[in-house]
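Worksheet: one structure, shown below.
What's counted below: heavy atoms across the whole structure, side chains too, no hydrogens, waters or symmetry copies.
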Amino acid sequence: MISDTRDGAVIAVRVIPRAGKSAIAGIRDGAVLVRLSAPPVDGAANAELIEVMAGALGVPKRAITITSGEASRRKTLLIAGVSAAAVLTKLFHAD
């Protein structure tokens with residue numbers, strides 16, 4: 001689900017577009033579940049995914065790259081400059 005690479009952390013993500021509210025909603029099928037209010041049209045959901053993840057992780061949007069699954073509900077993200085442990089802490093242990 002989340003692993004370290006030379007460039008940063010890689011995260012498996014499953015998105016649910018057209019949700020009532022954008023938020024990280026836990027884990028499903030071995031991936032971080034992210035609900036997005038944006039529709040999957042013209043890259044709107046991908047842009048919102050990057051915005052939601054950047055906000056949750058405290059990194060600039062430019063640090064996040066969709067490395068696979070741009071047109072799919074299952075995606076892989078690269079978060080540059082952070083470790084998998086830091087990502088886990090910020091996503092699931094933040095108060």
Side-chain angles (χ1 to χ4, degrees):
M1 174 178 69
I2 301 174
S3 59
D4 283 313
T5 68
R6 184 182 79 221
D7 299 323
V10 173
I11 306 173
V13 175
R14 184 171 184 345
V15 300
I16 298 176
R18 292 192 175 109
K21 177 179 155 184
S22 295
I24 295 169
I27 299 172
R28 183 183 293 172
D29 299 327
V32 176
L33 182 65
V34 183
R35 297 182 189 279
L36 302 171
S37 60
V41 177
D42 297 328
N46 287 341
E48 188 168 324
L49 171 63
I50 290 171
E51 190 171 318
V52 167
M53 293 300 288
L57 296 171
V59 299
K61 290 188 279 188
R62 69 180 177 275
I64 301 176
T65 306
I66 299 173
T67 58
S68 69
E70 281 200 24
S72 171
R73 287 179 183 237
R74 291 193 64 88
K75 302 177 187 297
T76 304
L77 305 180
L78 171 64
I79 315 299
V82 298
S83 68
V87 169
L88 278 171
T89 300
K90 288 181 180 182
L91 290 182
F92 301 111
H93 301 293
D95 292 322

Quick one, Leu88 with Met1, criterion side chain to side chain contact (heavy atoms under 4.5 Å, CB included). Give me CA distance, side-chain angles, the key distance, then yes/no. CA-CA 10 Å; Leu88 278 171; Met1 174 178 69; 4.2 Å; yes
Please step through side chain to side chain contact (heavy atoms under 4.5 Å, CB included) for the pair Leu77 and Leu49, ending with a clear verdict. CA-CA 10 Å; Leu77 305 180; Leu49 171 63; 4.0 Å; yes
Working for side chain to side chain contact (heavy atoms under 4.5 Å, CB included), residues Arg18 and Val41: CA-CA 10 Å; Arg18 292 192 175 109; Val41 177; 4.1 Å; yes
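The minimum heavy-atom distance linking Ala31 with Arg14 is given by the pair CB-N, 3.9 Å. Of all the heavy atoms in Thr5 and Val10, the pair that sits closest is CG2-CG2, 3.3 Å. Closest approach of Ala38 to Pro17, counting heavy atoms only: O-CB, 3.5 Å. Taking all atoms of both residues into account, the shortest heavy-atom contact from Ala54 to Ile64 is N-CD1, 3.4 Å. In plain terms, the two heavy atoms of Arg35 and Ala19 that are nearest each other are CB-CB, 3.7 Å. Closest approach of Ala12 to Gly30, counting heavy atoms only: CB-O, 4.0 Å.
Hydrophobic cluster membership is shared by Ile27 and Leu36, with clusters built from Ile, Leu, Val, Met, Phe, Trp and Tyr side chains linked at under 4.5 angstrom. By the rule that hydrophobic residues join a cluster once side-chain heavy atoms approach within less than 4.5 Å of another member, Leu33 and Ile66 end up as members of separate clusters. Both Val82 and Met53 are part of a single hydrophobic cluster, where members link through side-chain heavy atoms under 4.5 Å apart. Linking ILVMFWY side-chain heavy atoms closer than 4.5 Å, directly or via other members, places Ile16 and Val34 in two distinct hydrophobic clusters. Tracing side-chain contacts under 4.5 Å through hydrophobic residues (I, L, V, M, F, W, Y), one never reaches Leu78 starting from Val32; they form parts of separate clusters.
Separation of atoms NZ (Lys90) and CD1 (Ile24) is listed at 12.0 Å; rounding is to 0.5 Å. Remark: Lys75 NZ to Asn46 CG distance equals 4.0 Å, nearest 0.5 Å. A distance of 12.0 Å separates CD1 of Ile79 from CG of Asp7, quoted to the nearest 0.5 Å.
The closest donor-acceptor contact from the side chain of Asp4 to the backbone of Ala84 lies under 3.5 Å.
Among residues at least two apart or in separate chains, side chain to side chain donor-acceptor pair (under 3.5 Å) pairs with a member in residues 52-73 are Ser68-Thr76.
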